[in-house]
Protein chains: 2
Amino acid sequence: MVQYATTRLDAAFAALSDATRRGVLEQLGRADSSITELAGKFHMTLTGMKKHVGVLEQAGLVATEKVGRVRTCKLGPRRLAEEVAWIEEYRQLWASRFDELDKVVEELKQKEKVDGRKRRE
Amino acid sequence: MVQYATTRLDAAFAALSDATRRGVLEQLGRADSSITELAGKFHMTLTGMKKHVGVLEQAGLVATEKVGRVRTCKLGPRRLAEEVAWIEEYRQLWASRFDELDKVVEELKQKEKVDGRKRRE
DNA sequence: CGCATACTGAACCATGTGGTTCAGTATCTA
DNA sequence: TAGATACTGAACCACATGGTTCAGTATGCG
């Protein structure tokens, strides 16, 4: 198995294990936001939200910049590439451990191929 | 955004946020193992390992069966499909948020090219 | 200037986590 | 049947988490 920076994986997965934080990421995907806006949207205190943002920032998933009184949060530099890579390797392992299922998947693929051909005809 | 069962996402991501537990999953991808074997491999007490296995089992990532004295652990029913789906949606959001930035970067590159030419002249 | 706004930090609280030890119980095996 | 093996459960520990309140500081605005 490939060697991963475990601490970064730890931080990213831990950051994603909270519904509020996943919500914040989705929100920031739509628009940059201030701490106040996020706190309002998720019904919690400024201080509470700041902690969540801190966790996300630590994990590299959010970047913030303070201008005047306002700290603006946006999506950060990390794209969860390593995390996806880890999970995909896991899924491969998983699949290889389940032989019968492999056959099922193979059958499905065949079916799909046929369906695709039909559609194109 | 698609609606996810947040509690399951919570449990799965939390389970993955620990290096030992990720290691256990990788191990079980290679071979089913008893608690004792896992505890030995990861240098901790039986009791400690049992807790990790419990977390993984709770998240659906590991299944166990006790036969005689021995509880055998194997990869569980969940394939992390939802988790991958969530992350992929996030990555898409991320990419779309940086389209503008991409343009800016592209412009800067162009500018740099021009500047470089000027400097060389 | 003076007040409202936006954040920050410390302190607190309940609960969860990652580990341990110790004292069992249940199951093999000689 | 005796002893070793494999697990289980309770209790404990230090520390992290997710939240709060309260008391600041810094900034914008009329």
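Order of the sequence lines fixes the chain letters, A, B, ..., with proteins taken first and strands second; residue numbering starts at 1 for each chain. Keep in mind the model is a prediction, meaning the values are calculated, not measured.
Around CD of A/Gln58, the count of heavy atoms belonging to other residues, nucleotides or ligands within 6.0 Å does not exceed 12. In this structure, B/Glu88 places its CD atom where more than 12 heavy-atom neighbours from other residues, nucleotides or ligands lie under 6.0 Å away.
Nearest-nucleotide mapping onto DNA chain D: of A/His43 and B/Arg71, the residue sitting toward the 5' end is B/Arg71. Remark on DNA chain D: of its neighbouring residues A/Val67 and A/Ala14, the 5'-side contact belongs to A/Ala14, judged by nearest-heavy-atom nucleotide.
Here D/dT8 presents its P atom at 12 Å from CG of B/Leu38, a figure rounded to the nearest Å. Straight-line distance from the CZ atom of B/Phe13 to the C1' atom of D/dT17: 18 Å, rounded to whole Å. As rounded to whole Å, 10 Å separates atom P of D/dT17 from atom NZ of A/Lys51. With rounding to whole Å, B/Leu16 atom CG is found 14 Å from C/dT17 atom P. Taking atom CE of residue A/Met49 and atom P of nucleotide D/dT21, one finds them 15 Å apart after rounding to whole Å. Between B/Met44 atom CE and C/dG18 atom P there is a gap of 10 Å when expressed in whole angstrom units. Between A/Ile35 atom CD1 and D/dA26 atom P the separation is 18 Å, expressed in whole Å. Spacing between atom CG of B/Leu46 and atom C1' of C/dT20 amounts to 13 Å, rounded to whole angstrom units.
Donor-acceptor pairing under 3.5 Å, judged by distance alone, is absent between the side chain of A/Thr47 and the base of D/dG19.
Interatomic distance, CD of B/Glu83 versus CD1 of A/Ile87, reported as 6.5 Å (0.5 Å rounding).
For A/His52 and D/dT17, the shortest distance from a side-chain N or O to OP1 or OP2 is not below 4.0 Å. A close approach under 4.0 Å does occur between a side-chain nitrogen or oxygen of B/Lys66 and OP1 or OP2 of D/dT8. Regarding contacts with the backbone of D/dC29, every side-chain N or O of A/Arg69 stays at 4.0 angstrom or more from both OP1 and OP2. Listed pair A/Lys50 / C/dG9 meets the phosphate criterion, a side-chain N or O lying under 4.0 Å from OP1 or OP2.
A/Val62 and A/Val55 fall into different hydrophobic clusters, defined by Ile, Leu, Val, Met, Phe, Trp and Tyr side-chain heavy atoms under 4.5 Å apart, directly or through other members.
Between the side chain of B/Arg91 and the main chain of A/Arg79, a donor-acceptor pair closer than 3.5 Å is present.
Within 4.0 Å of B/Gly48, counting heavy atoms only, lies at least one base atom of the nucleic acid.
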